[in-house]
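As the structure is a computational prediction, the values presented were derived from the model and not from experiment. Numbers for residues simply follow the sequence, beginning at 1.
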Amino acid sequence: MEGTGRCHACAFPGGPPAGVFGNGAAPGAGPLLTGPPPLPVPPYVPMPRLASPVGLGRAVAALLGLCVLADVFSLFAGTTMYGVTTRMIDEGAGALSEDEIDRADLLQFVAGAVQTVALIACAVLFLVWFHRVRVNAEVFRPDGHRMGRGWSIGGWFVPVANLWFPKKVANDVWAASLPHEPDGSPRRAPRTLMNWWWGLWIATLILGRGGGRMYARADTPEELRRAVDVLIVADVVDIAAAVLAFLFVRRLTALQDEKAHQGPVLAPAVFRSGPYA
């Protein structure tokens with residue numbers, strides 16, 4: 001302080017000298033320090049944690065069995081409608097009563113509704129299971145994935161890309177989930193089962209949608225029977241796809257469970273009181 005009662009900085013007629021407040025500004029006019037702007041904080045990405053897929057795998061397998069039963073019911077409805085349309089073609093529309101035709105059509109509608117409900121229930125639980133095995137696979141092998149965790153769910157909903165994005169994720173999950181042999185090398189496990197399941201699943205989508213459109217647009221008994229033919233084939237293919245999906249889910253779940261019980265591979269801190277945190 002000087003005799004004027006002012007502080008040393010304020011004693012300067014032209015204001016405080018440059019550098020007193022870091023940028024030559026008056027007190028309170030700006031920051032006290034200068035320098036480069038702070039670096040942006042990267043978004044927080046939670047670390048993957050190992051979780052048992054066994055319970056979810058069993059639930060998905062059970063719902064896949066329900067899908068098979070729904071397909072069998074749809075086959076019954078389809079063969080019933082096939083018989084009705086055949087009689088209409090061979091004997092004429094007058095050979096059947098309106099009630100017989102309506103019952104066959106109603107049976108076809110109910111079968112489609114049952115298939116849809118079973119598929120939605122199974123799909124929801126399958127996506128939960130698929131995301132879990134994808135997260136587990138990242139714990140097993142953090143650098144072995146070409147797509148992020150979110151694609152294990154989002155990849156199924158992207159038009160066109162959903163024909164191969166989920167399969168791409170599944171390939172990486174399968175490779176990362178292989179248990180180790182005693183010499184440390186990964187066990188050899190062909191992807192034949194997974195490849196056949198995916199191929200039949202795509203075939204089911206094409207046949208089911210194509211047959212459904214044909215059925216909705218059919219105006220003659222001949223067109224109706226052709227549509228029913230396609231739907232029956234779609235049901236048979238869907239049964240095969242569901243069986244292979246059942247085997248795929250059980251197999252991948254067993255591989256991850258075995259690898260988890262082999263002990264930590266890359267992240268020992270993840271394992272605390274057992275293979276699963």
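Glu98 meets the salt bridge (Lys or Arg N to Asp or Glu O under 4.0 Å) test with no other residue; sequence neighbours excluded. In this view, Trp174 satisfies the side-chain hydrogen bond (donor to acceptor under 3.5 Å, both in side chains) rule with no residue, not counting sequence neighbours. For Arg217, the side-chain hydrogen bond (donor to acceptor under 3.5 Å, both in side chains) criterion is met by no residue, not counting sequence neighbours. Listed by chain and residue number, Glu100 satisfy the side-chain hydrogen bond (donor to acceptor under 3.5 Å, both in side chains) test with Ser97 (two or more places apart in sequence, or in another chain). Taking the salt bridge (Lys or Arg N to Asp or Glu O under 4.0 Å) definition, one finds that Arg187 meets it with Glu181, Glu258, sequence neighbours left out. For Ala234, the side-chain contact (heavy atoms from CB on, under 4.5 Å) criterion is met by Leu207, not counting sequence neighbours. Checked against side-chain contact (heavy atoms from CB on, under 4.5 Å), Ala62 has no partners two or more places apart in sequence or in another chain. With sequence neighbours excluded, the residues that form a side-chain contact (heavy atoms from CB on, under 4.5 Å) with Thr220 are Glu222, Glu223. Listed by chain and number, the residues in a ring pair (Phe, Tyr, Trp, His ring centres under 6.0 Å) with Trp156 are Phe126, Phe130, Trp198 (sequence neighbours excluded). For Arg188, the salt bridge (Lys or Arg N to Asp or Glu O under 4.0 Å) criterion is met by no residue, not counting sequence neighbours. Checked against side-chain hydrogen bond (donor to acceptor under 3.5 Å, both in side chains), Asn195 has the following partners two or more places apart in sequence or in another chain: Lys167.
Side-chain atoms of Lys259 come within 3.5 Å of backbone N or O of Ala176 as a donor-acceptor pair.
Exactly one residue among Asp238, Val236, Val233 makes a side chain to side chain contact (heavy atoms under 4.5 Å, CB included) with Thr204. That residue is Asp238.
Residues in residues 73-89 take part in these side-chain hydrogen bond (donor to acceptor under 3.5 Å, both in side chains) pairs, two or more places apart or across chains: Ser74-Gln115, Ser74-Asp235, Thr86-Arg225.
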